[in-house]
Amino acid sequence: MFLLVTCIPGMITGSIIYWASTNQVESELQKLHEKQVQQRAGNIDDQLSYMEMLFTQWAFDAQFDNKLKELDFVYNYQQVHDIYRTLFIMEGAHPLISRVELYLKHPYPLIFQKDVYLDISNAKVSERFEALLQQTKFAFWTEHYERFDGKTWGKPSLALVNKVPGGSTEPLGYIITTVDKAKLNKLLQTLTPYSDGTTFLLSAGGERFIVQDAQQQSGLELALREAITSGRQKGGSFLFDYNGATYSVSVGKLARIGEEWTYVSAAPLTAVTAPVLFISKLILSISGIGFILALLLSLGASYRLYTPIGKLVRLLPKEEGHRDEFEQIERQWQDLTNERETLQGRLKTQLPQMREGFMLQLVQGHLFSMTEKDIRERLLHYGWETEGKQFVAVLIQLGGFSSQVGRFKHGDESLVTFAAANIVTELSDSLSFQLLNFHDLTIGLLVAFPEEMTVKEQQTTLNRMGEEWIQSVGRVLKMRMTIAISKPVANVKHSPMQFEEARHALSYADLSSESQIIDSERIGKSNSALEFRYPFALETEIINAVRIGSEEEAAQLIERFLKELTQDGAAKLVLQQGMMQLLGSLLHAMLHAGMNPMKLFEGVNLYEQLGACNEPEDILRWFRSKVVGPFVHELISKQDYHLKQMAEKTIMLIREHYMSPGLSLEWCADQFNTSPYTLSRVFKQITGVNFIDFVTNRRMEKAKELLRETDMKINDVAGSVSYQPTYFHRIFKRYEGITPLQYRDLHQDN
């Protein structure tokens with residue numbers, strides 16, 4: 001009877017599921033599909049809207065104002081270079097972007113690309129670009145933009161056009177952003193997860209497909225477009241039959257600049273309902289087989305009532321003197337009870353580890369979904385009373401690990417942190433706290449104080465305990481401690497913010513101090529320790545040393561760089577910011593040298609690795625092994641080492657003799673027994689600028705220095721940098737935009 005009764009509900013359930021799958025599931029799945037499509041369409045709309053907003057803002061950038069009318073492509077090299085760089089940045093600003101180009105009508109028709117500009121003065125070519133400028137809209141989409149590479153025209157593409165300057169009634173040109181069709185099509189495919197379905201975009205009115213070419217349009221897509229444009233099917237969601245299959249179709253609108261697109265997503269309902277139908281049939285089949293089997297088994301079940309008890313007794317170990325099976329089962333039950341108590345004892349020993357795991361999740365911000373009450377109840381379950389308490393986060397960072405050569409080796413950080421955590425635990429018996437071992441030379445404590453205890457009393461207690469920790473760890477492990485104390489809070493749920501506050505306070509640690517206690521309430525952000533002088537000269541020497549492939553010299557200069565940053569007792573925050581600035585300069589030098597940092601460092605986040613270095617010794621070692629070494633090796637492998645040395649020595653000659661009238665390209669070439677052409681080519685390749693511009697820039701810098709810091713006459717300043725007075729006035733105004741006298745008056749006023 002038991003077997004029969006258990007099979008009947010299965011048959012009933014299978015029948016109900018089969019009926020529901022054929023009658024109800026289709027409508028429910030259609031609603032679900034429509035909801036999913038709307039959500040994903042919202043994501044696509046957000047991405048296109050972000051792209052429109054981004055390039056509308058660029059159109060108002062100061063680089064693309066009316067000054068472009070007077071752009072001189074010979075003398076305004078820096079401005080042209082800035083345009084190239086901006087187009088390069090814009091091209092990488094959004095994943096859907098294929099190319100970004102700038103068309104200018106003045107001073108003459110040309111089109112900027114990220115690496116070159118093309119003269120399109122040809123009337124036929126210029127006419128096609130001018131047509132887009134005649135549009136009345138400030139920003140609009142076009143599906144017919146054809147890219148011109150100077151000789152041929154590309155295929156029509158979907159593009160976003162923004163006139164520049166932004167908001168001007170007489171635009172000078174436009175920025176045109178070509179959309180990557182493959183990526184947009186891939187994004188559209190997210191509207192339907194089924195391979196048999198389809199997704200596409202229609203223009204306003206539905207008369208043409210957006211993105212898709214004629215070769216890509218299937219019969220289903222053409223049939224759906226015909227049904228939508230003819231009015232037989234309205235927007236929203238509907239069922240559509242095509243070639244014997246039923247599709248759930250969702251139609252919606254995407255509001256774009258100046259027009260409205262229609263998205264269409266069709267998913268086959270058969271692909272959705274087939275698994276449900278299969279499961280329902282499977283349940284019916286299994287239930288029927290079980291029902292037949294139950295009939296057969298029930299014939300002999302009444303004759304084998306003792307079979308379960310017999311099987312159970314056979315599984316139990318045999319015992320002498322016990323013939324009663326129930327007595328034997330009782331004895332085994334008692335043994336299992338004793339074993340359960342043993343396991344509970346073991347659980348109690350594991351409770352601290354479980355509590356520490358829970359605390360780690362709490363301070364890392366993974367339990368924001370839990371309420372304050374739930375967290376306190378869980379902590380009480382783990383044996384920590386938190387009612388009527390206020391909480392203070394203490395973050396301890398161990399220092400001096402890298403200097404313990406012979407005592408510890410690389411990889412012992414977790415062991416050292418464990419030892420320090422044990423010392424802190426033993427010395428803190430008088431406190432109610434939970435200790436967190438981060439295993440990276442960092443220890444956290446969440447300390448609970450009574451609510452009536454004042455902040456001053458808390459600080460006094462923690463400062464006293466901190467001194468004991470510092471002395472004991474210094475005596476046993478020979479390491480120093482930096483202790484950061486957060487502000488007290490009443491809710492334990494806010495402990496993640498407390499630890500973040502303490503971690504922030506650690507960045508104000510004084511690197512010249514052995515051990516210290518930092519109170520986050522007393523951090524003086526105007527402290528003199530945060531004021532430092534950035535050694536620009538050393539930065540230049542480091543970059544030059546790396547460029548010529550001198551790894552050892554670069555390492556020595558970086559060590560001097562570190563000493564200058566910390567010579568006045570600078571805070572850890574200052575040191576890290578200074579070294580990150582140096583890292584950025586080195587990466588900039590790599591880009592100038594034609595290297596790809598992403599490829600060279602295999603996509604590693606160098607800034608994150610540098611931020612994890614807490615000691616100056618660790619920072620120096622990291623720079624040498626992770627940045628300078630790979631840079632120098634790659635540079636030597638890609639470029640001719642001797643030619644590079646020649647370029648660097650030429651720079652040194654220019655810096656030594658830039659005030660000499662005899663300084664010229666021919667004179668420098670004679671110093672290295674090479675031709676002026678070879679030296680000019682190598683110099684431009686290595687430095688990125690030509691010889692004359694480099695010399696002129698150096699002389700201009702010296703002239704500005706003399707004008708600012710001396711009372712020399714203008715003509716004497718011109719002579720000191722090897723220029724005739726009239727030529728000096730002309731070239732100075734071209735470079736600086738003002739005359740030498742105006743420059744001196746401006747800086748004297750300042």
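From a predicted model like this one, the values you see are computed outputs, not experimental measurements.
Side chain of E501 to main chain of K487: a donor-acceptor pair is present (N/O by atom type, distance under 3.5 Å, no hydrogens or angles). Here the side chain of K626 pairs no donor or acceptor atom with the backbone of L606 at under 3.5 angstrom. Panel note: side chain E539, backbone S585; no donor-acceptor pair is recorded below 3.5 Å. With hydrogens and angles ignored, the 3.5 Å screen pairs a side-chain donor or acceptor of H94 with a backbone N or O of Q47. Using a distance-only test at 3.5 Å, with no hydrogens or angles considered, a donor-acceptor pair links the side chain of Q390 to the main chain of P450. Within the 3.5 Å criterion, the main-chain N or O of A555 finds no donor-acceptor partner in the side chain of R624. Here the side chain of E356 pairs a donor or acceptor atom with the backbone of N437 at under 3.5 angstrom. In terms of modelled atom types and a separation under 3.5 Å, the side chain of Q434 and the main chain of L436 share no donor-acceptor contact. With hydrogens and angles ignored, the 3.5 Å screen pairs a side-chain donor or acceptor of E372 with a backbone N or O of V492.
The two residues V392 and S486 make their nearest non-hydrogen contact at CG1-O, 3.5 Å. The shortest heavy-atom contact between K253 and Y263 is N-CE2, 3.6 Å. Contact detail for H439 and S414: the closest heavy-atom pair is ND1-OG, 3.2 Å. Between I443 and A421, the shortest heavy-atom distance links the atoms CD1-N, 3.5 Å. When all heavy atoms are compared, the tightest approach of W384 to A448 is CZ2-CB, 3.6 Å. L441 approaches E413 most closely through the heavy-atom pair CD2-O, 3.8 Å.
H381 has its side chain out of reach of E377: every pair of non-hydrogen atoms, C-beta onward, lies at least 4.5 Å apart. A 4.5 Å side-chain heavy-atom check between M465 and V424 finds every atom pair outside the cut-off. Within the 4.5 Å cutoff, no side-chain heavy atoms of N463 are placed close to those of D519. Side-chain contact between I97 and M90 is absent, with no heavy atoms from C-beta onward closer than 4.5 Å. When side chains are defined from C-beta on, R480 does not count as touching L398, because their heavy atoms never get closer than 4.5 Å. A heavy-atom distance below 4.5 Å is not found between the side chains of L431 and L445.
The number of heavy-atom neighbours closer than 6.0 Å to CD of E608, taken from other residues, nucleotides and ligands shown, is 12 or below. A 6.0 Å sphere centred on OH of Y50 holds no more than 12 heavy atoms belonging to other residues, nucleotides or ligands.
Applying the ring-ring contact (aromatic ring centres under 6.0 Å, His included) criterion to H366, with sequence neighbours excluded, gives no partner residue. R340 meets the salt bridge (Lys or Arg N to Asp or Glu O under 4.0 Å) test with no other residue; sequence neighbours excluded. When the ring-ring contact (aromatic ring centres under 6.0 Å, His included) test is applied to F418, no partner is found at least two apart in sequence or on another chain.
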Exercise. Would S428 and W469 count as a side chain to side chain donor-acceptor pair (under 3.5 Å) if you check the C-alpha gap in whole Å, the side-chain angles of each, and the deciding distance to 0.1 Å?
Worked result: CA-CA 9 Å; S428 307; W469 299 338; 3.1 Å; yes

